[in-house]
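Throughout, protein chains are lettered first and strands after them, A, B, ... in sequence-line order, and every chain is numbered starting at 1. Being a predicted model, the structure only gives us computed values, none of them experimental.
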Protein chains: 4
Amino acid sequence: MKKKKVPSMVKDQQLIKHRREQMIQGAITLFKEKGYHRTTTREIAKESGFSIGTLYEYIGSKEDVLYLVCDSVYEEVRTRLDSLIDTESVGLDRLKLIITSLFNVMDEMQDEVLVMYQEVKSLPKEALPYVLKKEVAMTAIIEQAIKDCREPGVLTISDKEATLMAHNIMVKGQMWTFRRWALKHSFTLKEYTDIQIKMLLGGVVSEQMS
Amino acid sequence: MKKKKVPSMVKDQQLIKHRREQMIQGAITLFKEKGYHRTTTREIAKESGFSIGTLYEYIGSKEDVLYLVCDSVYEEVRTRLDSLIDTESVGLDRLKLIITSLFNVMDEMQDEVLVMYQEVKSLPKEALPYVLKKEVAMTAIIEQAIKDCREPGVLTISDKEATLMAHNIMVKGQMWTFRRWALKHSFTLKEYTDIQIKMLLGGVVSEQMS
Amino acid sequence: MKKKKVPSMVKDQQLIKHRREQMIQGAITLFKEKGYHRTTTREIAKESGFSIGTLYEYIGSKEDVLYLVCDSVYEEVRTRLDSLIDTESVGLDRLKLIITSLFNVMDEMQDEVLVMYQEVKSLPKEALPYVLKKEVAMTAIIEQAIKDCREPGVLTISDKEATLMAHNIMVKGQMWTFRRWALKHSFTLKEYTDIQIKMLLGGVVSEQMS
Amino acid sequence: MKKKKVPSMVKDQQLIKHRREQMIQGAITLFKEKGYHRTTTREIAKESGFSIGTLYEYIGSKEDVLYLVCDSVYEEVRTRLDSLIDTESVGLDRLKLIITSLFNVMDEMQDEVLVMYQEVKSLPKEALPYVLKKEVAMTAIIEQAIKDCREPGVLTISDKEATLMAHNIMVKGQMWTFRRWALKHSFTLKEYTDIQIKMLLGGVVSEQMS
DNA sequence: CATGAATGAGTTTTCATTCAT
DNA sequence: GATGAATGAAAACTCATTCAT
C-alpha cells in the first residue's frame, strides 16, 4: 500500500517534479471541463506546454496522469488543512476549527476536489487503495479530534458514533463540492459551515434530551 | 425540462419497454464493473441478450443508454421509497420513517445508485437538468417532512436549517453507497440508520442546549 | 444484352408493376435529394408507402431499385420523345423537331434525367450495357435523321460527322440538366434550343465556306 | 468562396503536401475503379502507402479526400491547359489552340476528369461552390477567346451565342471522357478534335447562308 | 402478401502509445 | 531530453438483408 511508482524515462528528479507539476495543472484544467475519459493525452500534453512525446517521458500511461492528479489533490488538501489546524486549540474548539478548515479548503479547491472524487473510480485497481488510505487518514484525524472532546457534560458519544461522525464530517466537506449546484443557491460558505457545525454539535434539536 | 425522448426505430411500444428494460439491466451490470466509458455498446448489447444492431433499434446513441439507466434508477428509488413511506404516520415518526426507508432503498439498490451517482456527469448537457429535477423533488419531500415536525419542545429549526438537513439526509443516503468501502467494516445498515437518526434528531450532544 | 430480370417473390404481375412504379417514384424523389448511396432502403420503402419487408418482395437488392429507376427514366424519355416526333415532317424540319423535342423532354424531366446520369455508374456491371443500349438507340435515331437531311445545298456532311453530330445533340440535351446551375442564369429553354439549333445547323459562322 | 481548409494534425507543411499527393493518387486509382462511395478510407490509406491512422493525420473526414481529389484534378487540368495555350497566337488560331489543348488535356487525364465529374455531387455543400468556381473560370477564358475572334467576315456571333459556345466547348471536352465508351469506337482524338472544331467554327452546313 | 424486428458485417473515426530523428 | 509523425486496435454507429409472424 505504498506510494505507487510512476515510471519515467528521465533521470533528473528535479525535472521530473517540475514537468509533473505542469502536467497535473494542465490535466486538472481539462478534467474539470470534460472529465478524464473525454480528455486525450494529446490535449494534456498541449495544455501542459509540451509535446505528446515528452508527456510519455514522464509517465507510463494515461492512468498515471489521473493517479498523479488524485495524489496531488489529496496532498494539497492535506497540506492546506494541516497548516490551518496547526494551532494550540484543543477540545471542542479544535474540532470546530478542523471542520471549518476542512470546509474552507474544500471551497478553495472545489474544482480539483470535485474532479478527484468523480474520477478516482477510474484509477487502476492497484492505485485505488493508496488513494483511499489518504481519505482514511484524514477521517482518522477527525475521529481523534472528536474523541478528544469527549467529556461528561460536553460531548457524550460512543466510539461508533465518533467514527460515523468523522465520516459525516468528511462527507459534508465533499458535499460542498459535489452538491454545489443545489447548495450555492441557498448558502454561503459561512452559513453552510455554521449550520453544519450547529447540527453536528447540537442545538438544533432538544426534546429528547430532557 | 421534460422527459427526454429517446428515439427508437421500433414501433411496438410494449416491445420498446421490454427491450429497454433488458438493456438497462445489462448496462447496470457492466457499468457497475467497469464504468460507463469503459463499457462498449457491443458489450451492452451482448449482456442484454441481443445484437449490436438491435441495440441501436432502441436508442439513438450510447448516451441514451446512460440516460435510460439514470432515469430508471431514479424512478425505481422513487417508487420503492414512496411505497415504504405511504403510511399514516406523521411528525417525527414520519421523518424517521422516511430516513429509514431512504437508507433501506439505498442499501437494496446500492450498486444501481452508485453507478448512477458516478456517471450522471457524463450525461449529455440537455439530459442532466431533467435528472437533477428528480433529486430536487426527493429532497423537497424530506424538507417538508422536517418542517412538519417543527413544534416547540420537539423540533426547533429555521427554514435554512431544514433545507440543509434535507440535503444532509439525502447525502447520508447516498453516502451509504459511495462510502461503503469504509462503512461496511464498522456498521450494519441498522446501526448506521440508528446512529444517523440519533445524530440528526439530537441526543448525541447535549451540553450546549442548556 | 436483354432486359435484366429483377427478381420478385410475388406472382401477380399487375401488382408487381404497380408496386415498382410506387418504388421508382419514391426512389427518384430521394435520389434527387441525396443521391443513391446516401439513400437507405428503409427510406425508399417508406417514401414508396410500404414496409421494408414489402420492398424486398419486389426486388432482390438495392441495386435493383437503381436499375428500375434508370430503366424507367429511359423508357419515359423515349416514350415522350417518340410521341413528340411522331409526325409527317421530314428533312431539316424533322431534325429540328427532334432536337427541340429532346430538349423539351430533358427540361420536363430534368431531375429524373440528372439522377439517372449521375448514378448509372453505380449500376451492377451486368446492368450497365442494357441501359447504354437505350442511349445508343436514341443516338441512332438522331443520326438517321441527320443523314436523312443530307442533300447538296442543304446539308453536306460525312458519315463520321453525322455520327458525332448525333452524339453532340444527345449531350446538349443532357447538358441542359447537368449544367443547369450555369445555364439557367443566361438562357431560357427556348433561347437555349434556338441557339443550339442555329449553331448545329449553321448560320453562326459563314465566311469560311465561300 | 475561398479555398476550403482541410485540417491536419501534422505541422510540417512539406510533409502535408507530400502525403496528400500520395493520398490523392491512391484515391483517384480507387475512385476510378469503384467510385467514391464504394471506396473505404482503409483502402485509401493502404493504396496511399500508409495506415488508416496516418490518413486521418492529414484529413478531417473522408469527404476531405474527395475535395482534395477534385481540387487537385482541376488544378492539374488548369496548369496543363495554361502551359499549352500560353503562346502568341490570337484570334481564330488561338481559339482553335484552346479547344485542341482542352481536348488533349481531357484525353491525357481522362480517368481523373471522369472521376471528378462523377463525384463532385458528393462534395459537402460548402465545398461545391469553390470547385464550380474553377469550372466557371475556365469557361470564361474560352468565352473571351471566342469574343476575341469576333470580326465581320470572320466570326459574327452575339454575346449569348458566345457564352453558350463556350459552355459547349467545355462540355465537348468533358464528353470525350464520359462518353468515351461510345466515341472511342468511332474516333481518334485527332478526328474528334478536327470534326468538333469544324462543326463549331463552320463549314459543315451551308444552305442557310445563301 | 405484408410487416417490421433482428442481425452483424462493414464503415468511419479516434486516440493511447511508440520510436526514429 | 524533446519532438511529433506513424500506428492500428478498438469504438460507435449504419444499413442491406432476412425471416418469423
Among residues 7-20 of chain D, which residues get a heavy atom nearer than 4.0 Å to DNA chain F?
D/Met9, D/Val10, D/Lys11, D/Asp12, D/Leu15, D/Arg19

Please give me every residue in residues 46-63 of chain A whose heavy atoms get under 4.0 Å of an atom in DNA chain F, ordered by residue number.
A/Phe50, A/Ser51, A/Ile52, A/Gly53, A/Thr54, A/Tyr58

Reading DNA chain E from 5' to 3', where do the contacts with chain C start and stop? Cut-off is 4.0 Å to heavy atoms.
E/dC1 to E/dA5

With rounding to the nearest 0.5 Å, note down the distance linking CG in B/Leu123 to CG in B/Asp64.
10.0 Å

Between atom CD1 of B/Ile24 and atom CG of B/Leu68, what is the distance when rounded to the nearest 0.5 Å?
5.0 Å

Hey, could you give me each pair passing side-chain hydrogen bond (donor to acceptor under 3.5 Å, both in side chains) that has a residue in residues 8-19 of chain D? Not counting sequence neighbours.
D/Arg19-D/Gln22

Just jot down the side chain to side chain contact (heavy atoms under 4.5 Å, CB included) partners of [X], sequence neighbours excluded, or say none.
X        : result
C/Met9   : C/Glu57
A/Leu132 : A/Leu128, B/Trp181
C/Glu126 : C/Lys4, C/Pro124
A/Glu119 : A/Tyr36, A/Leu66, A/Val115, A/Lys121, A/Ser122, B/Lys121

Could you label the plane-to-plane angle of the B/Tyr74 and B/Tyr117 rings as parallel, tilted or perpendicular, counting under 30° as parallel and over 60° as perpendicular?
perpendicular

Any residue in residues 24-42 of chain D with a heavy atom nearer than 4.0 angstrom to DNA chain E? Just list them by number, or reply none.
D/Thr39, D/Thr40, D/Thr41, D/Arg42

Looking at [Y], is its backbone amide N or carbonyl O close enough to the side chain of [X] to form a donor-acceptor pair, meaning the two atoms are under 3.5 Å apart?
X       : Y       : result
D/Thr54 : D/Phe50 : no
A/Ser48 : A/Ile44 : yes
D/Lys62 : D/Thr39 : yes

Residues 40-55 of chain D vs salt bridge (Lys or Arg N to Asp or Glu O under 4.0 Å), sequence neighbours excluded, gives D/Lys34-D/Glu43

When pairs are called at under 3.5 Å and a stem needs at least three consecutive Watson-Crick or G-U pairs, the stems of DNA chain F are E:2-21 with F:2-21

What pair of heavy atoms forms the shortest contact from A/Val69 to A/Ala27, and how long is it?
CG2-CB, 3.8 Å

Listed partners of D/Tyr56 passing ring-ring contact (aromatic ring centres under 6.0 Å, His included), at least two apart:
none

Residues C/Glu33, C/Arg38: salt bridge by 4.0 Å N-O rule
no

